[in-house]
Protein chains: 2
Amino acid sequence: MDAIDLSLVDLLRGNARLSYAELARQVGLSAPAVHERVGKLESSGVVRGYRADVAPESIGLGVTALIGIVEDSGADTDDMLESLRVLPEIESCYFMAGVESFLLKARVGTIAELEQLIVRLNRTPGVASTRTAIALSTKWENRPQPVGSPAA
Amino acid sequence: MDAIDLSLVDLLRGNARLSYAELARQVGLSAPAVHERVGKLESSGVVRGYRADVAPESIGLGVTALIGIVEDSGADTDDMLESLRVLPEIESCYFMAGVESFLLKARVGTIAELEQLIVRLNRTPGVASTRTAIALSTKWENRPQPVGSPAA
DNA sequence: ACTCTCTGTGGATGCCATCGACCTGAGCCT
DNA sequence: AGGCTCAGGTCGATGGCATCCACAGAGAGT
């Protein structure tokens, strides 16, 4: 991970569909060299994938909620995690410091679906209680913060 | 937004670097047709961009925190938002229902940097108080939930 | 100094993006 | 019904890109 790798990462975080030729121009290397660097970043796990950023409401996922989970004392955390992982509505799952062991970000189409999700969560073994907060609007989300110094 | 558009969106949410030729094979259209459809999805705002998904710790952003903000009564929300927007550490910003008007997801390199960020937030005009919860680990994040029916 | 390795360049080749010309079917007006 | 118009498709051509390969040069270790 030298400065050029950081520049590549920054460029791809900004636009994952840049061609290798374009990346090469931006960082001042040849296209094959960039190809190899990006391949190594991928196989070493620095770059985990490439995702289109889609407006959620336009694909019927207009309701965003953040849900805190309090774990049962003596619950099997791994089992509970597997139960959570199966629910597609849960986009993100953080293990937190604090009373609420987990914080979930969930996305559903309607408030009714959110209600169903919460019911399912409360029935999940290991879950003692949940606390749900609804996002009224998303000001911005997953904004990539530049990390390579002054990249071209 | 017909079924083919939904398939394209799903495919690109899974791998934003798929070629138009490959997308065309997957949805059963020609490459130019897919090119035009994707172009329309972009210009209509359904697809907002393409981002590399990078392991944050590998670019020096190993600390994730969620920060709730209680607004001053009578504060100018728009001004406060602009002050928040300027802080690159804040990756996401949601306007919430509840006592805490805003919920921020912030990413920094060290606990010391998090401390500085919290101090800055508390000094920001319009901010009455903050409440910070630290993510000890990220189980998963920004997992795209499939939305097009059975896409190829 | 030799050599090993890592990382780069340059050239060649086949695939892909992209443009323009043309086709086809749905909807609608007369 | 006939025919206009338009949206959205296919096909073919062309130039750029991805990708493979052979080879070059810098640094480290012996």
Side-chain angles (χ1 to χ4, degrees), chain A residues 1-61 142 144 146-152, chain B residues 1-61 142 144 146-152:
Chain A
M1 281 290 285
D2 60 7
I4 292 182
D5 281 338
L6 280 179
S7 296
L8 290 173
V9 163
D10 261 4
L11 288 165
L12 286 170
R13 287 210 300 165
N15 180 3
R17 280 182 80 82
L18 288 175
S19 68
Y20 291 117
E22 182 59 29
L23 292 170
R25 278 187 286 269
Q26 300 275 334
V27 303
L29 287 180
S30 64
V34 168
H35 188 264
E36 186 174 345
R37 276 174 177 266
V38 172
K40 284 180 183 172
L41 288 171
E42 290 169 358
S43 55
S44 70
V46 173
V47 172
R48 295 186 291 209
Y50 305 94
R51 308 254 178 80
D53 172 21
V54 173
E57 59 277 17
S58 63
I59 52 173
L61 296 174
N142 297 132
V147 74
S149 35
Chain B
M1 280 292 286
D2 60 6
I4 292 183
D5 281 337
L6 279 180
S7 296
L8 289 174
V9 163
D10 261 4
L11 289 165
L12 286 171
R13 287 209 302 166
N15 180 4
R17 281 183 79 82
L18 288 174
S19 67
Y20 291 116
E22 181 59 29
L23 291 170
R25 279 187 286 269
Q26 300 274 335
V27 303
L29 287 182
S30 66
V34 167
H35 189 264
E36 185 174 345
R37 275 173 179 266
V38 172
K40 284 180 183 173
L41 289 170
E42 291 169 0
S43 55
S44 69
V46 173
V47 172
R48 295 187 291 210
Y50 304 94
R51 308 252 179 84
D53 171 20
V54 173
E57 60 275 17
S58 63
I59 53 172
L61 296 174
N142 296 134
V147 74
S149 38

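Bear in mind that the values here come from a model prediction, so they are computed numbers and not experimental data. Convention: sequence-line order gives letters A, B, ...; per-chain numbering from 1.
With contacts defined as side-chain heavy-atom distances shorter than 4.5 Å, the pair B:L8/B:V27 qualifies. Within the 4.5 Å cutoff, no side-chain heavy atoms of B:L23 are placed close to those of B:R37. Residues A:I59 and B:R13 are in side-chain contact: their nearest non-hydrogen atoms beyond the backbone lie under 4.5 Å apart.
Side-chain atoms of B:S19 lie closest to C:dA17 of the nucleotides D:dC17, C:dA17, D:dG9. Which of C:dA17, D:dT19, D:dG8 sits closest to the side chain of B:A21 comes down to C:dA17. The A:Y20 side chain lies nearest to D:dA18 when the options are C:dA17, D:dA18, D:dG9. Checked against C:dT9, D:dA18, D:dG9, the side chain of A:A33 finds its nearest nucleotide in C:dT9. Of the candidate nucleotides C:dG8, D:dT19, D:dG9, C:dG8 has the atom lying nearest to any side-chain atom of A:L29.
Atom CD1 of A:I4 is separated from atom P of C:dT7 by 12 Å (rounded to the nearest Å). A:D2 places its CG atom 15 Å from the P atom of C:dC6, with the value rounded to the nearest Å. With rounding to whole Å, A:R17 atom CZ is found 14 Å from D:dC17 atom C1'. Computed from coordinates, the B:E36 CD to C:dC16 P distance equals 20 Å when rounded to whole Å. Across the protein-nucleic acid pair, B:D5 atom CG and D:dG9 atom C1' stand 14 Å apart, rounded to whole Å. As a whole-Å value, the separation of A:H35 NE2 from C:dT7 P is 16 Å.
Regarding contacts with the backbone of C:dC6, every side-chain N or O of A:K40 stays at 4.0 angstrom or more from both OP1 and OP2.
Residue-level contact check: B:S30 touches the bases, meaning some heavy atom is under 4.0 Å from a base atom.
In the model, B:D53 has no side-chain atom that pairs as donor or acceptor with a side-chain atom of B:N142 under 3.5 Å.
A donor-acceptor pair is defined here as one N or O able to donate and one able to accept, closer than 3.5 Å; no such pair exists between the side chain of A:R17 and the backbone of B:G49.
Nearest-nucleotide positions on DNA chain D for A:R25 and A:P32 put A:R25 closer to the 5' end.
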